[in-house]
S.K.: 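Take this structure first; my questions come after.
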Amino acid sequence: MEASKRKTNTNTQSSIDEIINKIKKSINYCYNCNRCTNVCPLSHLGIFSPRNLINDLSFLSIQEAMERNNIWLCLSCGQCNTYCPMTNEKEGVNIPQLILDLRIITKEEAIEQEKVAQCETHDGIFSTIARLQADNPLPPNKLDFLNDSNLKISQSGSIAYFVGCLPILEHTLYRLNINYVNSAKTIIGLLNEGGIKPVVLNEKCCGHDILWGKADEITFKKLAEYNVELYRKAGVKTIIFGCAEGYRTWKYDYPKYIEDFEFEIVHFSEFLLENQILDNMRFPQSEEVTVTYHDPCRLGRLGGGLYDAPRKLIELLPEVKLIEMKNIREDALCCGVSAFSGCNEYTRVLRKNRIQEAIDTGAEYMLVSCPKCLSHFECYLQEPSLNHNQKERKNKIKIMDLAAFIGKLLYYS
Ligand code: SF4
Ligand code: SF4
Ligand code: SF4
C-alpha cells in the first residue's frame with residue numbers, strides 16, 4: 001500500500017482487501033503489553049482502549065470488532081505510538097494509521113455512520129465547507145484580511161506561506177472572539193522584515209479534518225490535488241506553515257496521495273530560526289512575561305517530532321521566560337478534540353487537565369501553535385455557564401497562538 005500512491009476508489013473490493021491485509025499485518029506485531037492503553041487518554045476516561053481494539057481485530061471479524069469498539073472516538077493523538085514497543089514508521093503497529101484505515105473501509109456502514117454523527121461538532125459545518133470547496137472549481141475568497149494591511153505578498157515565487165483555515169475559523173467560531181488572522185499577519189510581517197515577500201494564495205482547505213475525522217479520501221484527494229497544482233503553477237518550492245495540522249497534512253499525508261510531491265514543508269519557527277529573522281529585530285517589551293508551551297500532536301508525535309524549534313523561538317524573545325509544563329514534547333497531553341470530532345463531556349476533562357497543567361506552571365500565557373488547540377482550550381474557558389473552578393482557571397491563564405503572541409510583542413496586532 002505504501003509503495004504506491006493511495007487509491008481513493010475505496011468502494012472497490014480490491015482496494016478494501018488491500019487495506020484489510022495491511023491491518024492484519026499490522027496487528028500481528030502486537031504482543032498485548034497494554035502500554036498503548038495505559039497512556040491512551042480515552043482509556044483513562046473509560047471510553048476506548050486501543051489494545052482491546054487490536055485484540056478484537058485479532059480474534060473476531062472486522063464487523064464484530066467494530067461493534068465492540070467505537071473507532072471514531074479515537075483522537076489520533078499518537079500517545080499510544082509513543083509507548084508501543086512495536087511501532088515503527090514503515091511496519092509494526094501504528095495505531096492512529098490503523099484506525100484511519102479502519103475508518104476508511106467501514107465508514108459506509110450504517111452503524112459507523114451513526115457513530116460519526118454522534119462525534120460530529122458544530123453541525124458538521126467544517127466537513128461541509130471542505131466538501132463544498134473540493135467540488136467548487138472556483139477558489140475560495142479568504143484573503144480579505146490582507147486588504148487593509150501594508151503586508152507585502154506575491155502571486156508567484158519560490159517561498160510561500162499557507163494561510164489555511166484561519167479566516168474561516170474567525171467567522172465560524174466568532175463566539176470565541178479570537179483574532180485568528182493575527183497569526184497570519186504576524187508571520188507575513190516577520191517574513192517581510194526578513195526581506196521576503198511570500199507567495200500567499202487563495203488555496204482551499206488542506207483536508208486534514210475530512211481525512212482524519214471523516215475518512216473521506218475522495219474529498220481529501222480533490223483538495224490536495226487542487227492545492228498542489230496551485231502552488232506548482234506559482235513556482236513555489238518551500239511552503240511555510242503556522243498551523244500544525246496543515247504542516248502535518250502537507251508533509252506526511254499529501255505525499256501519499258500526490259505523484260512526485262516535491263515541496264519543502266517547514267514550520268514558521270524553523271524558517272525564522274534558520275534565516276535568523278528575529279536576530280536583529282527590536283522588541284519594545286521591557287517587562288518579564290512568563291509563558292508555557294503546548295506541543296500540538298500534529299507538530300510533535302504525528303509531525304516528525306518538531307519540539308525544539310518553537311521553544312528556541314520563544315527563548316529568542318527578550319524578557320519572555322518559558323516555564324515548561326509537567327507533560328511536554330512526546331508526552332504532551334491532548335487538547336481533547338481531533339478534526340472537530342469527539343467534543344463531549346468526557347473529552348472536556350482533557351481540556352481541563354491540560355489547562356490546569358499550564359496554570360500550575362504559574363505562567364501568564366499558554367502558547368500553542370495550532371488554531372484548533374487554541375479554539376478548544378479557549379472554548380473551555382469561555383463556556384457560558386462557568387462554574388466557580390472554571391472562573392478561577394479563566395483568571396489565571398491566557399491562551400494565545402505562538403505567532404500571534406510574537407505579533408503582540410511587536411505591536412503588530
Ligand atoms: S491515538 Fe490517542 S486516542 Fe487514539 S488510541 Fe492512540 S492514544 Fe488513544
Ligand atoms: S503497546 Fe503496542 S504491542 Fe503493546 S498492546 Fe499496544 S499495540 Fe500491542
Ligand atoms: S471545544 Fe472545540 S470542538 Fe468543542 S465546541 Fe469548543 S471549539 Fe467546538
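Excluded from the calculations below are hydrogen atoms, water molecules and symmetry mates; all remaining heavy atoms, backbone and side chain alike, are included. Atoms within each ligand, like the ligands themselves, are counted from 1 in listed order. Treat the numbers as computed from the prediction; the structure is a model and nothing was measured.
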S.K.: Between Pro41 and Leu75, is any pair of side-chain heavy atoms under 4.5 Å apart?
M.R.: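 Counting from C-beta outward, Pro41 and Leu75 do come under 4.5 Å.
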S.K.: At a 4.0 Å threshold, what atoms of ligand 1 neighbour a non-hydrogen atom of Ser76?
M.R.: 1 (S), 4 (Fe)
S.K.: Check His122 against ligand 3 and report side chain, backbone, both or neither, counting heavy atoms closer than 4.0 Å.
M.R.: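 The answer is the side chain.
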S.K.: Applying ring-ring contact (aromatic ring centres under 6.0 Å, His included), can you list everything that pairs with Tyr380, at least two apart in sequence or on another chain?
M.R.: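 Residues passing ring-ring contact (aromatic ring centres under 6.0 Å, His included) with Tyr380: none at all.
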S.K.: For ligand 1, which atoms sit closer than 4.0 Å to a heavy atom of Gly78?
M.R.: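 Contacts of ligand 1 toward Gly78, numbered from 1: 1 (S), 2 (Fe).
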S.K.: What atoms of ligand 1 come closer than 4.0 angstrom to any heavy atom of Gln79?
M.R.: 7 (S)
S.K.: Evaluate the ring planes of Trp250 and Phe241, with Trp represented by its six-membered ring, and classify them as parallel (under 30°), tilted (30 to 60°) or perpendicular (over 60°).
M.R.: tilted
S.K.: Without placing hydrogens or testing angles, list every side-chain donor-acceptor pair under 3.5 Å for residues 305-313, not counting sequence neighbours.
M.R.:
| residue | atom | partner | partner atom | Å |
| --- | --- | --- | --- | --- |
| Tyr307 | OH | Arg301 | N | 3.3 |
| Tyr307 | OH | Glu330 | N | 3.4 |
| Asp308 | OD1 | Arg329 | NH1 | 2.8 |
| Asp308 | OD1 | Arg329 | NH2 | 3.2 |
| Arg311 | NE | Glu324 | OE2 | 2.6 |
| Arg311 | NH1 | Asp295 | OD1 | 2.9 |
| Arg311 | NH1 | Tyr307 | O | 3.0 |
| Arg311 | NH2 | Asp295 | OD2 | 2.8 |
| Arg311 | NH2 | Glu324 | OE1 | 3.4 |

S.K.: Heavy-atom contacts under 4.0 Å between Phe340 and ligand 3: side chain, backbone, both, or neither?
M.R.: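 The answer is the side chain.
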S.K.: Test of understanding: with side-chain contact (heavy atoms from CB on, under 4.5 Å), list the residues that count as partners of Glu345, not counting sequence neighbours.
M.R.: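 Glu345: side-chain contact (heavy atoms from CB on, under 4.5 Å) contacts with Arg348.
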S.K.: Do His122 and Thr172 pair up side chain to side chain, a donor and an acceptor below 3.5 Å, judged on atom types alone?
M.R.: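 His122 vs Thr172: no donor-acceptor pair found between side chains.
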S.K.: Run the numbers for me: atoms of ligand 3, each under 4.0 Å from some heavy atom of Arg351, listed by number.
M.R.: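 In order of numbering, the contacting atoms are 1 (S).
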S.K.: Taking salt bridge (charged side-chain N to carboxylate O under 4.0 Å, His left out) as the criterion, tell me which of Arg298, Arg248, Lys221 meets it with Asp253.
M.R.: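 It is Arg248, the one option of Arg298, Arg248, Lys221 that forms the salt bridge (charged side-chain N to carboxylate O under 4.0 Å, His left out) with Asp253.
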S.K.: Should Met86 and Cys33 count as side-chain neighbours, where that means a heavy-atom distance under 4.5 Å?
M.R.: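 They are not in side-chain contact.
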S.K.: So with a 6.0 Å cut-off around CG of Leu132, is the heavy-atom count from everything else above 12?
M.R.: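 Yes, because the 6.0 Å sphere around CG of Leu132 holds more than 12 heavy atoms from other groups.
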S.K.: Decide if atom CZ of Arg232 counts as having more than 12 heavy atoms of other residues, nucleotides or ligands within a radius under 6.0 Å.
M.R.: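 Counting neighbours around CZ of Arg232, more than 12 heavy atoms of other residues, nucleotides or ligands fall under 6.0 Å, so yes.
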S.K.: Can you work out which protein residues put a heavy atom within less than 4.0 Å of ligand 2?
M.R.: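 Within 4.0 Å of ligand 2, the protein residues are Cys30, Tyr31, Asn32, Cys33, Asn34, Arg35, Cys36, Arg51, Ile54, Cys84, Pro85, Met86, Val93, Ile95.
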S.K.: Out of all atoms in ligand 1, which are within 4.0 Å of some heavy atom of Pro41? Include the element for each.
M.R.: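 That gives atoms 7 (S) of ligand 1.
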S.K.: Check each atom of ligand 1 against the heavy atoms of Phe48 and keep those under 4.0 Å away; list them by number with element.
M.R.: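 Reading through ligand 1 atom by atom, the close ones are 5 (S).
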